[in-house]
Amino acid sequence: MTWVILTGRISDIDPAATPHKIITNRDYLAHPALFKGQRPKVINLSNSYAYQSRGYYASLLASSRGHRVIPTVETMIDLSERKLYEHALPELELALNKCRKDLGGTFPAKVQIFFGIGPSKAWDRFARLLFDWFRAPALEVAIADGGEWASIRKIGFHPVARMGEDEKKRFLAGMEIYTGREWRDTRARTPARYTFATLVDPQEELPPSEISSLRHWARIAEKMGVEVEPITRKDLSKLANYDALFIRETTTISSHTYRFARRAQQEGMPVIDDPMSMIRCTNKVYLNELMTANKVPVPPTVMIAGPADFELAAETLGFPLVLKIPDSSFSRGVKKCSNFEELKALATEWMEESDLLIAQKFIPTEFDWRIGVLGGQPLFAVHYLMAKKHWQIVHHKASGKPDQGGFKTFTLKETPDDVVQTAVKAARCIGDGLYGVDLKETKDGIFVIEVNDNPNLDHGCEDTGEKDEVWRRLTQWFLDRLERQGR
């Protein structure tokens, strides 16, 4: 078994202190072929796990390379804000307060937990539970001790660079114990009721499904013995009353949509979109590397990590080229650069938000194929036409309503086999949920542009080719998973 330790700086961990290979996250990101043919287990000890930092990308791309990693990007996001982990606090605080007697009646202001191991045996119950919830090498918990009841003020990562000598010794001892264990998944949680919740925002300008389309689905689902009920962002506390969740708001991992997906997953509920699909699909850096690793055709691409890559992108791709912010949707954060000056100015601006950008060869077409894939099987096929006098299907104007192109639907039998097969292959790389795969069909072949975790699904558009079978299969996807759980 190969263990790999990623650090922000090579000096963060003494190589003599561990038998495992130590490399920097920069080197790991820069060499995708590193450990090719192996399936190492990666411990990411970056000094920052902030969204779109090198530490974040190291864990994100580890999964695309087939490497198991802690912490995962899910854990990084969960611990980025208190509201994302507050659902765990009641159980954690209960375990914490059961430690009081063994700790002599009081709690310190802060405690460091390394690989699920506390400073002393008295912390065992709490430390193991904390690690079950949040698999991270080093966590720091801030505690407010009220005398009779201690509460958790904050849970955060504790970088190796901030550790004192005694802490680092305890950390290395914990890592030695951990790397001798079997890898275990976090525990599943099972809800009690049997109904479908659909998360919607009635005010959203470009929702993935119109309310009228969801009403149409509800009528079909009712015939299959399923009740569909709309919920909004205010209903997170009620989510456990339902049996499954279908998210029909535009998803981002920084919004309540991700919290709903995580809560559903923790409750053991079938959910579209699941959290990992959100993480994978919303990041174009990850998608590009995942598609390339799985031999799914994508446009020629250059990853930009700094100014030195501007020339490489220009020489490799030529102009015009397309520059993309890794996390963007509905054609936002995607712009065409006609020359080097435009590339340099835009990339410099965008790199203030993200450590990495994507540059791709510009492939002009009159339409994009959108193939819906559900549970690893094709669901629908449609042409999305480019917006009028624009090169994208959605034109976000500086002022006014976004301009969208039209559409043309097809049955799956009418759709070219190679388009369908390429889309299915791309979607299966992501997961088992519902995806919309965007492809360009050219004289040079078919190229996957994007895999969307939250694809449009509207009555009278995406379902025109396959009719109500689209909605029946969607309902059955949830039912199949409920039946496997024995409900």
- D274 and S277: side-chain donor and acceptor closer than 3.5 Å? yes
- May I ask you to decide if the ring planes of F410 and W369 are parallel, tilted or perpendicular, using 30° and 60° as cut-offs? tilted
- Query: Side chains of E204 and T250: do they bring a donor and an acceptor to under 3.5 Å?
  - Reply: yes
- Note on the structure: Tightest non-hydrogen contact, residues F260 and T232, listed as CZ-O, 3.5 Å
- Do NZ/NE/NH1/NH2 and the carboxylate oxygens of K440 and D368 come within less than 4.0 Å? yes
- Residue pair T18, M175: steps toward the side chain to side chain contact (heavy atoms under 4.5 Å, CB included) verdict: CA-CA 9 Å; T18 176; M175 185 166 70; 4.0 Å; yes
- Task: Report the distance from atom CG of D273 to atom OG1 of T257, rounding to the nearest 0.5 Å.
- Result: 8.5 Å
- Message: I need the M291 CE to K425 NZ distance, nearest 0.5 Å.
- Response: 10.0 Å
- Task: Indicate yes or no: at least one non-hydrogen side-chain atom of V448 is less than 4.5 angstrom from one of D438.
- Result: no
- S59 side chain to N44 side chain, donor-acceptor N/O pair below 3.5 angstrom: yes
- Note on the structure: Smallest heavy-atom separation, T251 atom then T282 atom, equals O-CG2, 4.2 Å
- Task: Tell me yes or no: between the side chains of W471 and D463, is some donor less than 3.5 Å from an acceptor?
- Result: yes
- Message: Just so I know, are the side chains of P137 and I43 near enough to count as touching, which here means a heavy-atom distance under 4.5 Å?
- Response: yes
- Given side chains that start at C-beta, do those of P326 and Q52 come closer than 4.5 Å, heavy atoms only? yes
- Message: Please report the interatomic distance CD1(I325) to CG(L356), rounded to the nearest 0.5 Å.
- Response: 12.5 Å
- Message: I'd like to know whether F107 forms a side chain to side chain contact (heavy atoms under 4.5 Å, CB included) with R100, so could you lay out the CA-CA distance, the side-chain angles of the two residues, the decisive distance to 0.1 Å, and finally the verdict.
- Response: CA-CA 7 Å; F107 290 95; R100 181 183 294 276; 3.6 Å; yes
- Message: Check the orientation of H459 and H216. Use parallel for under 30°, tilted for 30 to 60°, and perpendicular for over 60°.
- Response: parallel
- Message: Between R472 and E469, does any side-chain N to carboxylate O distance fall below 4.0 Å?
- Response: yes
- Task: Report yes if the side chains of V69 and K41 come closer than 4.5 Å at any heavy-atom pair, otherwise no.
- Result: no
- Is there a side-chain contact between N456 and L206, using heavy atoms and a 4.5 Å cut-off? no
- Message: Between T442 and D444, do the side chains contain a donor N or O and an acceptor N or O under 3.5 Å apart?
- Response: no
- Message: I'd like to know if R65 and E289 make a salt bridge, using a cut-off of under 4.0 Å between side-chain N and carboxylate O.
- Response: yes
- Query: Between N25 and S46, does a side-chain hydrogen bond (donor to acceptor under 3.5 Å, both in side chains) hold up when you go through it step by step?
  - Reply: CA-CA 7 Å; N25 53 30; S46 298; 2.8 Å; yes
- Query: Side-chain donor-acceptor pair under 3.5 Å between Q421 and D417, yes or no?
  - Reply: no
- Would a line drawn from the ring center of F246 to the ring center of W217 be shorter than 6.0 Å? yes
- May I ask you to check whether S209 and R248 show a side-chain donor-acceptor distance below 3.5 Å? yes
- Task: Determine the minimum heavy-atom distance between E74 and I279, stating which atoms define it.
- Result: CG-CD1, 3.2 Å
- Does R262 count as lying over the ring of Y85, i.e. NZ or CZ under 6.0 Å from the six-ring centre, within 45 degrees of the axis? no
- Closest non-hydrogen atom pair, F407 against G460: CZ-O, 3.6 Å
- Message: Rounded to the nearest 0.5 Å, what separates atom NE2 in H31 from atom CD1 in I23?
- Response: 9.0 Å
- Query: Would one find more than 12 heavy atoms of other residues, nucleotides or ligands at under 6.0 Å from atom CD of E414?
  - Reply: yes
- Taking the six-membered ring for Trp, is the centroid-to-centroid distance between Y242 and F196 below 6.0 Å? no
- Report yes or no: do T195 and E227 form a side-chain donor-acceptor pair below 3.5 Å? no
- Item | Centroid-centroid distance, F157 to Y49, less than 6.0 Å | yes
- Query: Does a side-chain heavy-atom distance below 4.5 Å link K324 with V285?
  - Reply: no
- Task: Decide yes or no for F126 and V141: does some side-chain heavy atom of the first lie under 4.5 Å from some side-chain heavy atom of the second?
- Result: yes
- Query: Given the side-chain rings of F131 and Y178, with only the six-membered ring counted for Trp, is the space between their centroids under 6.0 Å?
  - Reply: yes
- Item | Separation of N452 CG from L287 CG (nearest 0.5 Å) | 8.5 Å
- Message: Can you tell me how far apart CG (L61) and CG (N288) are? Round to the nearest 0.5 Å.
- Response: 10.0 Å
- Note on the structure: Scanning both residues in full, the closest heavy-atom pair of W477 with L374 reads CD1-CD1, 3.6 Å
- Salt bridge present between D432 and R481 (N-O < 4.0 angstrom): yes
- Side chains of S53 and D355: is there a donor and an acceptor less than 3.5 Å apart? no
- Message: So which atom in V419 and which in L439 form the shortest heavy-atom distance, rounded to 0.1 Å?
- Response: O-CD2, 3.9 Å
- Query: Do L479 and M224 touch side chain to side chain, with heavy atoms closer than 4.5 Å?
  - Reply: yes
